[in-house]
Amino acid sequence: MTEKFRVGLYTSHQVSERDTMRRLWALLSDPIVNARRYGSVERAKTPFAAKAFDAARQEYEDERRLFVRGEKNGFVASFSRRREGWSNWDIWMNIRELQGSKMQPWLDWFFRLCNEFSVLYGFGCSVSEHDAKHLRVRRTPTGGAATGAVGAASQEFLRYLPGLYWLTILGPELTKAFGAEKINSLPGVRVFQLKSQQIAICLDEPVVPKDMDGRLQKERKLADILGAQYFFDRNRADLKFGQVPELLQTLEKLGR
């Protein structure tokens, strides 16, 4: 199975709003995405067309979820609203799209998305890195195995940030809380200044690490600088995690 790259964005923007959907649809119409189909289920059979955003918005209104699929890059985007008041925008694509000369054009597109729709928090990494941080496997009484996730649920986002990743996008509340000067001086990362006081940090190394333990240790050191208590880490049982107060205040307002 082809390794995947995953992007997760937490945003207050809602695709049920016509102007939001119109602007989002324009970004999805970009040739780099090569969008071909959309629908309320993952197989998404309706042909994608630049002027179809009203029909797509109505399908989202009816089903509360929307998928958009690309043609050849493994691109699948999912847009859904959480009862807590914010939206999750998730994207999966083939990992090779984030390697070599293809990487920067895709990073630029992700940053355009965040510039157009500011995020509360976002991340991007290989699925293998995400699994190393969050995948949980439990043995069943019958000898089988059940998989789940830890540290990445919507309710958990009220309690702490999911973590630091190969790519991490800090929204305006987080930039203010951590301080732009501290973020800009983080070691071993490339820093990108985005609109609306957002900052993206990207590890200055390949998206897929040769040593996953080394990757997790590096991200742990970055969390130490910003505040380890705010970033979920399944291997830090000694920490009592908490959400960044400035972000929590915004989340609570969205949930009312």
Side-chain angles (χ1 to χ4, degrees), residues 1 3-11 42 64-65 67 76-93 95 98 119-171 173-174 177-178 201-203 207-209 211-248 250-252 254-255:
M1 182 179 293
E3 169 78 293
K4 294 288 185 178
F5 183 79
R6 178 177 178 178
V7 171
L9 303 177
Y10 296 71
T11 179
E42 189 173 353
R64 311 309 298 169
R65 191 160 190 176
F67 291 88
V76 180
S78 169
F79 306 93
S80 59
R81 180 169 182 169
R82 300 305 180 193
R83 63 178 182 273
E84 294 86 359
W86 64 84
S87 292
N88 283 121
W89 295 5
D90 296 298
I91 298 169
W92 293 264
M93 55 196 299
I95 199 73
L98 270 293
V119 302
L120 303 164
Y121 163 85
F123 70 86
C125 65
S126 64
V127 168
S128 57
E129 179 179 330
H130 195 270
D131 285 349
K133 291 174 176 289
H134 300 291
L135 184 65
R136 178 175 59 188
V137 179
R138 295 184 295 105
R139 294 297 174 185
T140 64
T142 58
T147 60
V150 59
S154 292
Q155 277 294 325
E156 289 171 307
F157 190 54
L158 287 167
R159 294 161 46 199
Y160 39 70
L161 299 172
L164 285 168
Y165 302 81
W166 180 77
L167 173 68
T168 307
I169 302 167
L170 305 172
E173 293 89 353
L174 297 177
F178 297 140
I201 57 175
C202 183
L203 297 185
V207 60
V208 179
D211 175 11
M212 185 62 73
D213 288 338
R215 166 66 56 85
L216 300 182
Q217 289 175 12
K218 182 170 185 177
E219 291 163 347
R220 192 169 295 130
K221 290 178 180 178
L222 295 177
D224 286 336
I225 296 172
L226 296 176
Q229 71 273 24
Y230 299 124
F231 297 94
F232 174 79
D233 188 328
R234 67 200 304 178
N235 296 315
R236 286 188 159 180
D238 57 317
L239 286 181
K240 182 178 180 180
F241 298 110
Q243 187 54 276
V244 177
E246 290 86 343
L247 179 56
L248 181 59
T250 297
L251 295 177
E252 290 176 339
L254 292 173

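This chain uses plain numbering: 1 for the first residue, then up along the sequence.
In this structure, CG in Leu98 is found 8.5 Å from CG in Leu167, a value given to the nearest 0.5 Å. Taking CG from Leu120 and OG1 from Thr11, the interatomic distance works out to 6.0 Å, rounded to the nearest 0.5 Å. Taken to the nearest 0.5 Å, the CD atom of Glu219 stands 9.5 Å off from the CG atom of Asp233. The CG atom of Leu158 sits 6.0 Å away from the CD atom of Glu84 when rounded to the nearest 0.5 Å. We find the CG-OG1 distance between Leu174 and Thr168 to be 10.5 Å, quoted to the nearest 0.5 Å. To the nearest 0.5 Å, atom OH of residue Tyr10 and atom CH2 of residue Trp89 are 14.5 Å apart.
A pairwise comparison of heavy atoms in Arg234 and Ala132 identifies NH1-O, 3.4 Å as the closest pair. Closest non-hydrogen pair, Leu164 versus Ala223, comes out as CD1-N, 3.4 Å. Closest non-hydrogen pair, Asp90 versus Gly8, comes out as OD1-CA, 3.5 Å. Nearest approach of Arg64 to Arg81, heavy atoms of both residues: NH2-CD, 3.8 Å. Residues Ser126 and Val208 approach most closely at CB-CG2, 4.3 Å, considering heavy atoms. Among all heavy-atom pairs drawn from Arg6 and His130, the shortest one is NH1-CE1, 3.2 Å.
One N or O on the side chain of Arg215 and one on the backbone of Val207 form a donor-acceptor pair closer than 3.5 Å. Distance alone, capped at 3.5 Å, places no donor-acceptor pair between the Glu129 side chain and the Met212 backbone.
Remark: Asp131 does not engage Lys4 in a salt bridge, criterion side-chain N to carboxylate O under 4.0 Å.
A ring pair (Phe, Tyr, Trp, His ring centres under 6.0 Å) with Phe232 is found for one member of Tyr165, Tyr121, Tyr160 and no other, namely Tyr160. The side chain to side chain contact (heavy atoms under 4.5 Å, CB included) with Glu173 is formed by just one residue from the set Leu251, Thr250, Leu248, Val244; it is Thr250.
Residues Leu161 and Leu247 are in side-chain contact: their nearest non-hydrogen atoms beyond the backbone lie under 4.5 Å apart. Between Asp211 and Gln217, the closest side-chain pair of non-hydrogen atoms is not below 4.5 Å.
Between Phe231 and Phe178, a ring centre-to-centre spacing shorter than 6.0 Å is recorded.
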